[in-house]
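Below: one structure, written as structure tokens.
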Amino acid sequence: MATFFLKVNIFFEILATHVLDSKPYHTPMDTTLNLSRSMGEVLPSSKEYHQVVGAPQYLTLTRPDIAFVVNKLAQFLHCATDIHWQACKRLLRYLQDTSNSGLWLRPSVALSIQCYSDSDWAGCPDDRRSTSGYLVYFGGNLISWSSKKQPTVARSSTESEYKALANATAELMWLRTLLREIGYLPLQPATLWCDNMSAIYLTSNPVFHALTKHVEIDYYFIRDQIRHGTVQIQFTKSSDQIADILTKPLGHILFSSHLHEASL
């Protein structure tokens, strides 16, 4: 606990030094900037960079909108450059502009489970791995989310999206187990929204799967959960895929729209 408060104090000191008199930003990350290890000049001292990236990791517990950029910046702790530092300061200016933002929880009669799953494809220029993200809602309230780089390289956008579906399905299984332990189990399967039709076809078409044997484990895992009634996969348009905020930087209009739809 002492470490937590120390990091928070350092964070606000840096915030006051670099941000309070600066122009705020309405999005946490520049859409034209694809951060990599090789861009920019290495910082003479990365101590301040470590402090700025470390403190917002606690904020992601109530601020899913910054989960992607914090995850991205944390990948350069060992090789921080001036470009990465500029991205850090943009995040701080976004936090300054949205200091009153947070989770919006409200009562609900229908306690259904909904999940939005998304992935970019080969989004990291350093190792070409993809980033998966999901948002889980229970009774219309956001209760779980994740933005994480995939451990392996996906050879197609379908594979990348399917791996993201597998991660989201595992989270839904854990959530249903938790609800069962406290005496409540939803009668209807959880709805998993995906914007990739090929990945959706792969959940129910074994012939199509013959062309993608490298995702065999995830394939059978999701098929079993669909057959058992744990989840059902539904299509959503890319423009309505609110999990995009966890997998890629977005422009102000689309970012604000997704935040509104995500009840943030």
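One-based numbering along the sequence shown.
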**Prompt:** Quick one: side chain to side chain donor-acceptor pair (under 3.5 Å) pairs with a partner in residues 179-189, sequence neighbours left out?
**Reply:** none
**Prompt:** Are Q232 and T191 close enough that a side-chain donor and a side-chain acceptor fall under 3.5 Å?
**Reply:** yes
**Asked** In the single-linkage hydrophobic clustering (I, L, V, M, F, W, Y; side-chain heavy atoms under 4.5 Å), do W121 and F235 co-cluster?
**Response** no
**Request:** Please round to the nearest 0.5 Å and tell me the distance separating atom SG of C88 and atom CZ of F76.
**Result:** 10.5 Å
**Request:** Answer yes or no: are there more than 12 heavy-atom neighbours, outside H78 itself, under 6.0 Å from its atom NE2?
**Result:** yes
**Request:** Spell out, as yes or no, whether a donor-acceptor pair under 3.5 Å connects the side chain of D120 to the backbone of T131.
**Result:** yes
**salt bridge (Lys or Arg N to Asp or Glu O under 4.0 Å) involving R106 - partner list, sequence neighbours excluded** = none
**S146 vs N167 side-chain heavy atoms within contact, under 4.5 Å** = no
**Asked** How far does CZ of F221 sit from OG1 of T203, to the nearest 0.5 angstrom?
**Response** 13.0 Å
**Prompt:** Can you find a pair of side-chain heavy atoms, one from E161 and one from S119, that are under 4.5 Å apart?
**Reply:** yes
Considering only distance and modelled atom types, tabulate donor-acceptor pairs under 3.5 Å from the side chains of residues 243-253, sequence neighbours left out.
unit_1	atom_1	unit_2	atom_2	d
D244	OD1	K248	NZ	3.1
T247	OG1	D118	OD2	3.0
T247	OG1	D244	O	3.4
K248	NZ	D118	OD2	3.1
H252	ND1	S256	OG	3.3

**Message:** With a 4.5 Å cut-off on side-chain heavy-atom distances among I, L, V, M, F, W and Y, is there a chain of contacts connecting W145 to L61?
**Reply:** no
**Message:** My understanding is that only residues two or more places apart in sequence, or in another chain, count here; which of them pass salt bridge (Lys or Arg N to Asp or Glu O under 4.0 Å) with D30?
**Reply:** none
**Message:** Do Y220 and I233 land in one hydrophobic cluster if side-chain heavy atoms of ILVMFWY residues count as linked below 4.5 Å?
**Reply:** yes
**Prompt:** Can you name the nearest heavy-atom pair linking Q241 to W193, along with the distance?
**Reply:** NE2-O, 3.6 Å
**Prompt:** Who are the side chain to side chain contact (heavy atoms under 4.5 Å, CB included) partners of A74, not counting sequence neighbours?
**Reply:** V53, Q57
**Message:** Minimum heavy-atom separation for D82 and G40, please, with both atom names.
**Reply:** OD1-CA, 3.2 Å
**Asked** Looking at Q150, E159, K163, which one forms a side-chain contact (heavy atoms from CB on, under 4.5 Å) with S130?
**Response** Q150
**Pairs satisfying salt bridge (charged side-chain N to carboxylate O under 4.0 Å, His left out), at least one member in residues 122-135, at least two apart** = D127-R129, D127-K149
**Asked** Looking just at side-chain N and O atoms, do T81 and H84 make a donor-acceptor pair shorter than 3.5 Å?
**Response** yes
**Request:** Work out which heavy atom in F68 is nearest to a heavy atom in S147; give both atom names and the distance.
**Result:** CA-OG, 3.5 Å
**Prompt:** Closest approach of L202 and Y162, non-hydrogen atoms and distance?
**Reply:** CD2-CD1, 3.5 Å
**Item:** Separation of L95 CG from L59 CG (nearest 0.5 Å)
**Value:** 6.0 Å
**Request:** Look up atom OG1 in T230 and atom CG in L175, then write down how far apart they are to the nearest 0.5 Å.
**Result:** 11.5 Å
**Request:** Give every residue pair that meets the salt bridge (charged side-chain N to carboxylate O under 4.0 Å, His left out) criterion with at least one member in residues 253-264, sequence neighbours excluded.
**Result:** none
**Asked** What are the two closest non-hydrogen atoms of P28 and F255, and how far apart are they?
**Response** CD-CZ, 3.4 Å
**Asked** Are L135 and L105 joined in one hydrophobic group, where the rule is that I, L, V, M, F, W and Y side chains link up if heavy atoms are under 4.5 Å apart?
**Response** no
**Message:** Considering only residues two or more places apart or on different chains, which pairs with a residue in residues 50-73 satisfy salt bridge (charged side-chain N to carboxylate O under 4.0 Å, His left out)?
**Reply:** R63-D65
**Item:** 4.5 Å side-chain heavy-atom contact, Y116 and H258
**Value:** no
**Request:** Validate the cation-pi geometry between R90 and Y25: distance from NZ or CZ to the six-membered ring centre under 6.0 Å, angle to the ring axis within 45°.
**Result:** yes
**Request:** Drop me the distance from Y137's OH to S112's OG, to the nearest 0.5 angstrom.
**Result:** 12.5 Å
**Message:** In the structure I gave you, are the side-chain heavy atoms of V52 and L91 within less than 4.5 Å of one another anywhere?
**Reply:** no
**Prompt:** Would you say V136 and L142 make side-chain contact, with heavy atoms under 4.5 Å?
**Reply:** no
**Item:** Student check: side-chain heavy atoms of L179 and F138 closer than 4.5 Å
**Value:** yes
**Request:** Dump the intermediate steps for side-chain contact (heavy atoms from CB on, under 4.5 Å) on T169 and D218, then the final yes or no.
**Result:** CA-CA 10 Å; T169 300; D218 286 339; over 6 Å; no
**Request:** Enter the distance from T236:OG1 to N196:CG here, rounded to the nearest 0.5 Å.
**Result:** 12.5 Å
**Shortest non-hydrogen separation from A168 to L192 and the atoms involved** = CB-CD1, 3.8 Å
**Request:** Only counting residues at least two apart or in another chain, list the ones meeting salt bridge (Lys or Arg N to Asp or Glu O under 4.0 Å) with R176.
**Result:** none
**Request:** With sequence neighbours left out, write down each residue that passes side chain to side chain contact (heavy atoms under 4.5 Å, CB included) with Q86, or none if nothing qualifies.
**Result:** K89
**Prompt:** Under the side chain to side chain donor-acceptor pair (under 3.5 Å) test, which residues partner S144, sequence neighbours left out?
**Reply:** E171
**Item:** Single-linkage hydrophobic cluster, 4.5 Å side-chain cutoff, W174 and L165 together
**Value:** yes
**Asked** Do P64 and L103 touch side chain to side chain, with heavy atoms closer than 4.5 Å?
**Response** yes
**Request:** Enumerate the residue pairs fulfilling ring pair (Phe, Tyr, Trp, His ring centres under 6.0 Å) with a member in residues 31-55, sequence neighbours excluded, ordered by first and then second residue.
**Result:** none
